[in-house]
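One is the number of the first residue; the rest follow in order along the sequence. As a basis for the values below, the full set of heavy atoms in this structure was taken, side chains included, without hydrogen atoms, waters or symmetry mates.
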Amino acid sequence: MKTSKQRRAQRKKELFEKQFHSGERVRFVRALPCDLTGKVCSIHNAHTLSRGAGGGFSSIVPLHFMAHKDFDEMPEQKFEEKYGRSKQSVRDKAPLYQEMWEQRGR
(Lines give C-alpha, C1' and ligand atoms only; values in the text may rest on other atoms or scores of the structure.)
Protein backbone atom coordinates (compact mmCIF):
# COMPACT_ATOMS: atom_id res chain seq x y z
CA MET A 1 0.00 0.00 0.00
CA LYS A 2 1.31 3.45 -0.95
CA THR A 3 1.86 6.15 1.62
CA SER A 4 0.27 9.56 1.20
CA LYS A 5 3.70 10.95 0.27
CA GLN A 6 4.05 8.34 -2.50
CA ARG A 7 0.53 9.09 -3.79
CA ARG A 8 1.29 12.84 -3.91
CA ALA A 9 4.56 12.20 -5.73
CA GLN A 10 2.79 9.95 -8.24
CA ARG A 11 0.06 12.54 -8.82
CA LYS A 12 2.66 15.28 -9.26
CA LYS A 13 4.49 13.16 -11.85
CA GLU A 14 1.25 12.44 -13.74
CA LEU A 15 0.30 16.13 -13.84
CA PHE A 16 3.78 17.11 -15.05
CA GLU A 17 3.61 14.56 -17.86
CA LYS A 18 0.13 15.74 -18.88
CA GLN A 19 1.13 19.40 -18.85
CA PHE A 20 4.71 19.29 -20.19
CA HIS A 21 5.28 15.71 -21.46
CA SER A 22 8.80 15.38 -20.03
CA GLY A 23 11.72 17.27 -18.59
CA GLU A 24 13.43 16.85 -21.96
CA ARG A 25 10.55 18.66 -23.67
CA VAL A 26 10.73 21.49 -21.12
CA ARG A 27 14.44 21.93 -21.89
CA PHE A 28 13.71 21.78 -25.65
CA VAL A 29 11.18 24.62 -25.45
CA ARG A 30 13.39 26.72 -23.16
CA ALA A 31 16.21 26.48 -25.71
CA LEU A 32 14.03 28.14 -28.38
CA PRO A 33 13.77 31.92 -28.79
CA CYS A 34 10.67 33.71 -27.52
CA ASP A 35 7.89 33.61 -30.10
CA LEU A 36 7.12 37.31 -29.52
CA THR A 37 10.42 39.02 -28.72
CA GLY A 38 13.10 36.71 -30.10
CA LYS A 39 14.96 36.75 -26.77
CA VAL A 40 16.62 33.49 -25.78
CA CYS A 41 16.96 33.91 -22.01
CA SER A 42 14.35 33.32 -19.29
CA ILE A 43 12.09 31.35 -21.62
CA HIS A 44 8.92 29.85 -20.16
CA ASN A 45 6.82 26.97 -21.41
CA ALA A 46 3.70 29.11 -21.85
CA HIS A 47 0.36 27.34 -22.21
CA THR A 48 -1.75 29.05 -24.86
CA LEU A 49 -4.78 27.13 -23.65
CA SER A 50 -5.07 27.18 -19.88
CA ARG A 51 -4.43 23.92 -18.13
CA GLY A 52 -7.85 24.23 -16.48
CA ALA A 53 -9.42 24.39 -19.95
CA GLY A 54 -7.64 21.22 -21.02
CA GLY A 55 -4.37 22.69 -22.25
CA GLY A 56 -1.49 20.29 -22.16
CA PHE A 57 1.97 19.89 -23.62
CA SER A 58 0.71 20.30 -27.19
CA SER A 59 -0.54 23.85 -26.49
CA ILE A 60 2.82 25.30 -25.37
CA VAL A 61 4.84 28.05 -27.02
CA PRO A 62 8.17 29.50 -25.83
CA LEU A 63 7.70 32.97 -24.36
CA HIS A 64 10.07 35.27 -22.48
CA PHE A 65 8.93 35.55 -18.86
CA MET A 66 7.54 39.10 -19.31
CA ALA A 67 5.76 38.19 -22.56
CA HIS A 68 4.28 35.18 -20.77
CA LYS A 69 3.00 37.42 -17.98
CA ASP A 70 1.55 39.88 -20.53
CA PHE A 71 -0.07 37.04 -22.47
CA ASP A 72 -1.82 35.85 -19.32
CA GLU A 73 -2.79 39.22 -17.84
CA MET A 74 -3.15 41.89 -20.55
CA PRO A 75 -6.40 42.60 -22.35
CA GLU A 76 -6.30 41.61 -26.03
CA GLN A 77 -6.15 45.16 -27.40
CA LYS A 78 -3.31 46.24 -25.12
CA PHE A 79 -1.40 43.05 -25.95
CA GLU A 80 -1.72 43.75 -29.69
CA GLU A 81 -0.51 47.33 -29.23
CA LYS A 82 2.58 46.17 -27.33
CA TYR A 83 3.57 43.17 -29.46
CA GLY A 84 1.93 43.88 -32.82
CA ARG A 85 0.28 40.44 -32.77
CA SER A 86 -2.92 39.06 -31.37
CA LYS A 87 -3.04 36.44 -28.64
CA GLN A 88 -4.76 34.17 -31.16
CA SER A 89 -1.76 34.40 -33.48
CA VAL A 90 0.39 33.14 -30.60
CA ARG A 91 -2.08 30.32 -29.91
CA ASP A 92 -2.02 29.38 -33.58
CA LYS A 93 1.75 28.75 -33.38
CA ALA A 94 1.41 25.97 -30.76
CA PRO A 95 0.97 23.21 -33.38
CA LEU A 96 4.21 24.37 -35.08
CA TYR A 97 6.16 23.94 -31.83
CA GLN A 98 4.51 20.57 -31.25
CA GLU A 99 5.61 19.51 -34.73
CA MET A 100 9.16 20.74 -34.04
CA TRP A 101 9.19 18.61 -30.88
CA GLU A 102 7.99 15.54 -32.78
CA GLN A 103 10.54 16.10 -35.60
CA ARG A 104 13.53 16.72 -33.31
CA GLY A 105 14.89 13.17 -33.44
CA ARG A 106 14.66 12.64 -37.17
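Within the 4.5 Å cutoff, the side chain of Val29 has no heavy atoms near those of the Trp101 side chain. Between Lys93 and Ser89, every side-chain heavy-atom pair lies at or beyond the 4.5 Å cut-off. Counting heavy atoms from C-beta outward, Gln77 and Glu80 have side chains that stay 4.5 Å or more apart. Side chains of Leu36 and Phe79 form a contact here, defined as non-hydrogen atoms less than 4.5 Å apart. You'll find the side chain of Phe71 reaches within 4.5 Å of the side chain of Arg91, heavy atoms only. You'll find the side chain of Met100 reaches within 4.5 Å of the side chain of Leu32, heavy atoms only. Inter-residue side-chain proximity for Ser86 and Glu76 is flagged as met; some heavy-atom pair is nearer than 4.5 Å.
Residue Tyr83 comes nearest to Thr37 through the heavy atom pair CE2-CG2, 4.0 Å, listed as atom of the first residue, atom of the second, then distance. Taking both residues in full, the closest heavy atoms of Pro33 and Gly38 are given as CB-O, 3.6 Å, listed atom of the first, atom of the second, then distance.
Of the inter-residue distances, the one linking Met66 atom CE with Lys39 atom NZ reads 9.5 Å to the nearest 0.5 angstrom. The distance from atom SG of Cys34 to atom CZ of Phe65, rounded to the nearest 0.5 Å, is 11.0 Å.
Checked by atom type and distance alone, the side chain of Lys87 never pairs as donor or acceptor with a backbone atom of Pro75 at under 3.5 Å. Arg7 contributes a side-chain N or O that, together with a main-chain N or O of Lys2, makes up a donor-acceptor pair within less than 3.5 Å.
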Would you sort out whether Arg8 and Thr3 count as a side-chain contact (heavy atoms from CB on, under 4.5 Å), showing the intermediate values?
CA-CA 9 Å; Arg8 281 193 305 272; Thr3 66; over 6 Å; no
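In summary, Lys78 and Asp70 do not engage in a salt bridge, as defined by a charged side-chain N under 4.0 Å from a carboxylate O.
A donor-acceptor contact closer than 3.5 angstrom links the side chains of Glu102 and Gln98.
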